[in-house]
There are 2 protein chains.
Amino acid sequence: MSEMLKFPQDNTDFNVALSTSLVLFGFDGAQLQLLLARSQREPFKDALFLPSRYLEAQDELMLSARSMFHGLFGYDEPEIIEQLKAFGGVFRHPIGRVVNVAFYALVRKDDFLAEKWEQHGMQWSPIDRIPDLAFDHNEIVAYAKERLKRRVKRRPVGFHLMPPEFTLGQLQTLYEQALGKTFDKRNFRKKLFKSPLLTDLERKATGREKGQHKGSSLFTFDRDRYQRMKSEGYDFLF
Amino acid sequence: MSEMLKFPQDNTDFNVALSTSLVLFGFDGAQLQLLLARSQREPFKDALFLPSRYLEAQDELMLSARSMFHGLFGYDEPEIIEQLKAFGGVFRHPIGRVVNVAFYALVRKDDFLAEKWEQHGMQWSPIDRIPDLAFDHNEIVAYAKERLKRRVKRRPVGFHLMPPEFTLGQLQTLYEQALGKTFDKRNFRKKLFKSPLLTDLERKATGREKGQHKGSSLFTFDRDRYQRMKSEGYDFLF
DNA sequence: CCAAAAGTGTTACCCGTACACCCATGG
DNA sequence: CCATGGGTGTACGGGTAACACTTTTGG
């Protein structure tokens, strides 16, 4: 009974393993997607799951997630990466227990090292049509989508997901898919222009980029301004 | 490199231990508080920390948290208990790694088995004056307070924290402490009466209960009604 | 010429906020 | 009688939501 009052130097049970999984959101110009791996070997051939790896005992949770990210994208860290929570409900290893700590991150899809990974069965999947995944990974994805919904309302996620130049139509698509509802075009624009983070590039889209309609105006996010305003206490709100 | 693509049957590293900690919020009629333990033995004598225990390898995370809760309160589960996230940044055990999965719960302070635990150094501490805690438990508390802020806005937390009968003054105190700001009395009442969950008991407080001013009206929450409305899609919003 | 998306203002309603006075009680 | 909290209504402003038509472009 007073185990609760002891500092954890006693009675420890070191036969748990930790894995980390990543829920990586990307936007290809028209669709919000996430990255899945496909097992290419028996006994789970073709099963889909989230990019995952074991944590070595000395690793920090976040560093483990970042290093996995590095393997996939070739640089050290995405701008947005955050722990979701621990998921422990499903997988039992013959040797002990596996608990999975999941992270989510927002990425530029272009940065993905596709040549390197596609041959290993990795692929992007539209967020509204995620197939059955192994383990409890569907539950993790559902949790991540909820987290994303909250972040979309409080952070200019376009910074991290959109290509450097984009149209307002694309941005609206992103918001609609992330929040799971549609918006009136005029109201959407009004709302976004309340914050001064969107810069009109005064150029028109050629229509060659995915999801860009020819002739519509191109915008970009003003990162510097956002940094300055944030340090003065500004809070983005959608 | 293709570790990421393997199912987790290989290369596991079973020398991690998991602990669970509880951030237990209670309200004594006048103050929002949380429950702390005090170590009574060397080498950490007098250190304060969150109620914590080791997870045995076969335990579910949530069940472990609930069973610790049972030890403290004598019944199986609080109405609100939720995982926060995994905290792994601080403690290194000589044998391996300890990762702490924290939970938060809302409780009726009266239910705490005080006679049983006070002699073991457990005590309630006001939320706005939490002392230095061992490990990274201050960080956990900070995270839990943020979670509580969000929940206060979306759930009728009064159900779970308030005594069965309370005054509007008490309820306002709770909201003010949880959200860290003050409210105008009239606006506060207006806001709460938008939802029909508050029942006027048509009796007056005697002034004997802590935090109740004599003569003010007593209210209770209509649990049944909340259940019915919730099943019809109602969402509480403060 | 047809389809698809871009672009553009106004109105109504709701909600949040600000604000002041009198009453009841206990000390 | 003084201090503390209870109890009550109104008015303004900002934000959200609803709503339709014309233009550009590619096919």
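Letters go in sequence order (proteins before strands), and every chain restarts at 1.
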Under-4.0 Å side-chain N/O to phosphate OP1/OP2 contact, R189(A) with dG7(C): yes
Any donor-acceptor N or O pair under 3.5 Å, side chains K45(B), S39(B): no
Residue closer to the 5' end of DNA chain D, G215(B) versus F238(A) (nearest nucleotide): G215(B)
Nucleotide dG16(C), atom P - distance to CG of L237(A) in whole Å: 14 Å
S216(B) side chain near dA24(C) phosphate (N/O to OP1/OP2, under 4.0 Å): no
Crowding at CZ, R66(B) (>12 non-hydrogen neighbours, <6.0 Å): yes
Presence of donor-acceptor pair under 3.5 Å, side chain of K190(A) and base of dT8(C): no
Donor-acceptor side-chain pairing of Q177(B) and Q31(B) below 3.5 angstrom: no
Polar pair under 3.5 Å, donor/acceptor by atom type, side chain K185(A), base dA6(C): yes
N187(A) CG - dT11(C) C1' separation (whole Å): 12 Å
Start and end of chain A contact along DNA chain D [non-hydrogen atoms, under 4.0 Å]: dT16(D) to dG26(D)
Minimum heavy-atom distance F27(B)-L174(B), with the two atoms named: CD1-CD1, 3.7 Å
CD/E209(B): more than 12 non-hydrogen atoms of other groups inside 6.0 Å: no
L179(B) CG - dG16(C) P separation (whole Å): 13 Å
R223(B)/E79(B) ion pair, N-O < 4.0 Å: yes
Ring center gap for Y175(A) and F183(A) short of 6.0 angstrom: no
Interatomic distance where NZ belongs to K204(B) and P belongs to dA24(C) [whole Å]: 11 Å
Interatomic distance where CD belongs to E202(A) and C1' belongs to dA6(C) [whole Å]: 17 Å
Position toward the 5' end of DNA chain D (nearest nucleotide), H213(A) or F183(A): F183(A)
